[in-house]
Structures are given as C-alpha cells and as structure tokens.
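Reviewing the structure listed below.
Each chain gets a letter, A, B and so on, in the order the sequences are listed, and its residues count up from 1. This is a predicted model, so every value here is computed, not measured.
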Amino acid sequence: MARNNDMRWFPGFSVTTLLCLFLLYAPLIIVAVYSFNDSKSITNWGGFSLRWYADVFWGVEAPRFRAAAINSFIIAISAAITSTIIATMAATAMLRAGRFRGKTFSFALINLPLMVPEIVTAVASLIFFSAIGFTTGILTILIAHIVFCIPFAYLPIAARMQGIDDLYEQAAMDLYATRLQTFRLILLPLMAPGIISGFLLAFIISLDDFIITNFVKGAGIETLPTAIFGSVKQGIKPNIMAISTLLLAVSVVFVTLSWLVGRIGQKQQQTATNGGE
Amino acid sequence: MGNTRESMKEVAVDIVNLTKCYGDFTALSDVSLDIRDNEFFTLLGPSGCGKTTLLRTVAGFENVTEGAILLYGEDIANLPPNKRPVNTVFQQYALFPHMDVMQNVLFGLLRLGQDAASARARVGEVLEMVQLGGFAHRLPGQLSGGQQQRVALARALAPNPKVLLLDEPLSALDLKLRQAVRLELQQLQRDTGITFIFVTHDQEEALTMSDRIAVIAEGRVQQVGTARDIYEAPINKFVADFIGETNLIMVQVLGLADGNATCLLPGGGKCTCPAAQGAIAGEGHISVRPERVGFAEPDAGVMSGQVARLVYLGTDMHVDVTLVDGETITVRTQNSTGSYIPPVGENVGLTFEQGAARLLVD
C-alpha cells in the first residue's frame, strides 16, 4: 500500500537519477582519476603516478601556486572568522530582540548577497573600491569575501538558534546571571554547533570564490582559483587536475565536517527537548 | 488549620493592584494578594486565566502595566529577574542541556559569587534533599522526567531564595508519580521554610498541597482561602463550579439577614442557608455539593424529582434526579451496604444537609 506512493516506483525514476548523478559527478571523477595519470596527455591513460602532485608542490609553477594557496587560506580564515562573528550577532538580534520595525527588511538585507548575481556584486565592489580610492589588493579581497560570506554563515547559525527555546535564557537570568553571562554561558554553548557549521561553510565559500576575487584582487595578488584560472588560460595541463583534486578534497572535508557538526547539534537538541516530556 | 497557623505571619509577597496588559488584552486586572512568609500558596485557575502571567511578573519575566510587587516590603516590580531573590521551577524544567546536574545546580550559586567549595557543598546538600545524590554527573538528557523535575527543584532551591515560584511543575509527570511528588513537595516546603508560590490548573493538586489558594479566572482573583474555605464556602458560581462538583440551583432570594438567605427553590420548597458576602436578593444561585444531598420520601424533602440515571463510580454512586422543572440534581452516595440507592424511575424527595447549601454571588 505504501508502495504506490514510493518515489522509486515512478516511471523513469532510475533513468533520471542516473542521468543526474552522471552529469553531476562524471566530470569530477574524470578530473580526479586523470590527476593520477602518468602521461602528459589529459585524455590518454598512461598508468598510475603521483608526478602531477609532485609538480604542484615542486614543479615550475609551484611557487605561484604556493603563494596563491597561502593567500587563499589567509583570506578564507579571516573572512570566515569575521563573517561568523557578524552573522552570530545578526542572528542574536534577529531572534532574540523580539519584534522590531524592519525585521523582515533586515532579514532580506542579510541574505541579499545570496540573491544578487555574483558578477553584479563583483563589478559593484570594484567600482566602489576605486571610487573611494582604495588600492585593490589582499584587503579588498578580504572585505568583499566577508560581505558575501555573511549569509552563508548566518543561515546555519540562525537555524540552530531558532531551535533553542528562550526558556534556558530565562532560567539563567532567574538564577542571577547577567545578560552577558546568559549569552556567554548558555546561549553561546548551545549555539556552538551552528556557529562552527556556519564558520566551515563560510570558509569553503571564500576558498572557492573566483568571480568577485578576480575583479577586486588587483595586480600581482592571486588566490588559488584565480591562479588555476591563470594556468588554464595557457592550456590545460595535468597539474591543474591535481591541484583541482586537492581543492575538491579540502571542500569535501569541510562540507562533511560542517554537516557532522550540524547533526551532532541536532541530536543534542533532541535529547534536551525529549527529556523534558 | 492553615489559616490560624499562617495568619500571624509576616507578608512575604504583597501584590498591590497589579494590572498587566498586552496591547488591548488585559491578562491581569487589578490583582491584589498577600502571600505570607513560609506559606504554601497556590494560584489555581483554568488555562489562560492569567495565573502563569502573575507568576512571571513576580519572577521578573513580564513587566507590570500598573501596580506594585513588594517582596518583604521592597518594591521589586522594576527589577530584572537576576536582581530578584526569587527562583523559578519551570513547567518544562529548562535544565541547561549542555551542563551536568552538578553544573546546573551550581549555576545560581556561582552567579551569586559563592566560592566554589561552599557552593559544591551546598549542591551536595540540595541533591540529597531531592534524593538525587548519585546523579551529579549525569546530563539532563540522561535523566527521566521525574528526575529532571527534581533537578529543576534542586537548582531553584540551592541559592536559598526568599520565595520559590513553581509553574505547573508536576504537569509533565504521569499520574502515579505526580501523586507521590505532591507529598514530597509539601514536605520540602515545610522542611526548608521557604515560601512557595505554586501555579496549577489541577484543583486536586491545589487542595491537597496548599496552605492557601487563590482561585483566578479571567485575570481576576475570585477568592482566596484555605482548601476548606474554597471548597465549602465558595464565593461565586465560578469558584463553586471550578472546585469539585456541585449543583448550581437557581433560586429566588426572599430575604437576607445576618449572612443568611431565605431562598425559594424550584418546585416551591424553601431553604435557609448561609450567603456568600456580596450576595444580593432577587434571582440567584445556590450551590450544594452532591455528597451533601440526601434522599427522603417524595414530598418530604425540600425538592422532589424522579431518578433519571445511575452512574457507578467504584466507591461512590452518582444519582441524577430530574426535578419537575427539568433541571437535574446530582446526588453522590457511598456504595456501601447501609446506604439507600433508589432505582431509576423512582420518585424521590431531596434533602440538604445542615449548612450544605450556600447562596453565591452571581
């Protein structure tokens, strides 16, 4: 009886699924597999080798990649920390300040960067920086990254916070905690899974960004995505596949971590509320 | 007994003409109560009557629109919750899920600036008091509902508050446990000497535990008194109907003198009964508890009617008697060999025990 409603019995289900999976993952699998290719060709398999990974770290282009990677990590970590702090404050205000004028508007404002086409933000940022006479460089990249990372950090933090009953804060206040102590000792630890999850997401979004970075980076500064793009313009070599695979691995690890932390948080929340029944 | 024991005592919480509005909605309207030192005081009323709002204004979670709340003479109405020497046991307990039992109970003591060693000793003491000695390092999620309820109690008692506020703390427990905890809670109040303000919608809970009860409905205090006062001498229709079961009988009040009323009952009988303060002549209602109505020969009682229905309740039997005017009077008789239970269809007379009927304020 339940079978009639089971998605798996819909006509064309398996074909659609396979097609989607193929389009999504075949390119990634090909890049990952060919990054271990011993041949200089990017289409013919010449046996297993780690030579392109060695090339990434010690080859001709290695200093450029290394500098770009260092920039990327510095920017991603700084942008993630800053945007997470801002997003935490924003979520606290949105969810713990009761009803205030312009609440819906504030919510839209926080999440606007998700809706605005990235190229528009990129052009606008560039014009803005040059209008106020800011020299483009690592600082302009950082500022731009902080801005577009905020909604990514905000969403998991706000989602987590929404699930925290304000009864805990009332109980803390009732037990002589000041507002600041209540935030630090009760709200912050309970929000921690959301905050960590938001931080990891912001980090990976910043690490991966190309369009905005490319506009506001200025001459001589590269991040990993712009460095990779620079190399590709001179023709696709297998070392690009190796570095892409490395970046993919970092992304997968961080997204997985973010998901795991979120799940732990959810479990904790469930036991806390179920226990009260 | 509660009344004489308590009446000499100092006032712990004095609520003076308290009004609380949410926009156009008046949650509490001109509430005045004095809760005495070392008293087990219950706010009883149906859900939505304002009893929890009243408790939350004392705790400091709601500001007051008008009026004052005096705690041993000091106006606390404008203090934030963390500056009020009162603690709350929440309905859903609100134990901090990321802290173990020890840390939960320590929380208030540390915020008050107690040193860690004496605070820990105090935690041990209160955990013993609620019989949770061995549970200090469990997380709230690892405890049963009853245990969590005790932790919430221990946490609120640890800082030795001047007044303990309890917001329906037993409502999440199952029936058997609830009955056991009632007695423990009452004992705890006697042992600690802390004034308890207990909120419940459960009249049995209120009657069994409280020194005094305030019955609240629609944001107003209807009556304040001991369990016996409220059950036996309800002031108005709401209180009579809400506490226990009663027969409300419409009567014509023929005369009022010295607190007694002479009433004309449906069917032409007359009775003289005590009148609640504020009752007026004219049309009114009397309340008679079902267990205080007896049977007589038809025409021998104050009213007469026909037995319409028998409801078996184990120890007791409910006998519904339909009067000539169509109203129904319920009589509650013990199911013992000695008691007379008329069969359905029998014509019977009804008598009221001495002092059983009471004229109410409408």
task: Please indicate whether A/D166 has more than 12 foreign heavy atoms, meaning atoms of other residues, nucleotides or ligands, lying under 6.0 Å from its CG.
output: yes
task: Taking atom CZ of A/F105 as the centre, report whether more than 12 heavy atoms of other residues, nucleotides or ligands fall under 6.0 Å from it.
output: no
More than 12 heavy atoms of other groups within 6.0 Å of B/R120 CZ: no
query: When heavy-atom pairs shorter than 4.5 Å are enumerated against chain B, which of A/L167, A/I186, A/L185, A/T182 gives the highest number?
result: A/I186
query: Are the side chain of A/D174 and the backbone N or O of B/T88 linked by a donor-acceptor pair below 3.5 Å?
result: yes
message: Surrounding CD of B/E66 (heavy atoms of other residues, nucleotides or ligands, distance under 6.0 Å), is the total greater than 12?
response: no
- prompt: So, for B/R111 and A/Y176, which heavy atoms are closest and what is the spacing to 0.1 Å?
  reply: CB-O, 3.5 Å
query: Of the backbone (N, CA, C, O) and the side chain (C-beta and beyond), which part of A/A192 lies under 4.5 Å from a heavy atom of chain B, both, or neither?
result: neither
task: Please look at A/Q170 and chain B and tell me whether the side chain, the backbone, both or neither of the residue comes under 4.5 angstrom of a heavy atom of that chain.
output: both
message: Tell me if the NZ atom of B/K83 is crowded by more than 12 foreign heavy atoms within 6.0 Å.
response: no
- prompt: Looking at B/P161, B/G108, B/A152, which has the largest count of heavy-atom pairs under 4.5 Å with chain A?
  reply: B/G108
- line: Tightest non-hydrogen contact, residues B/A94 and A/Y168, listed as O-CD2, 3.8 Å
- prompt: Taking atom CD of B/Q179 as the centre, does the number of heavy atoms from other residues, nucleotides or ligands within less than 6.0 Å exceed 12?
  reply: yes
message: Minimum heavy-atom separation for B/F107 and A/A177, please, with both atom names.
response: CE2-CB, 3.7 Å
message: Rounded to the nearest 0.5 Å, what separates atom NE2 in B/H98 from atom CE in A/M191?
response: 12.5 Å
Part of B/R155 within contact of chain A (heavy atom distance under 4.5 Å): both
message: Are there over 12 heavy-atom neighbours, none belonging to A/R179, within less than 6.0 Å of that residue's CZ?
response: no
query: Quick check: are there more than 12 heavy atoms from other residues, nucleotides or ligands sitting under 6.0 Å from CZ of A/F13?
result: yes
message: Measuring from atom CG of B/N82 to atom CD of A/Q181, what distance do you get when rounded to the nearest 0.5 angstrom?
response: 8.5 Å
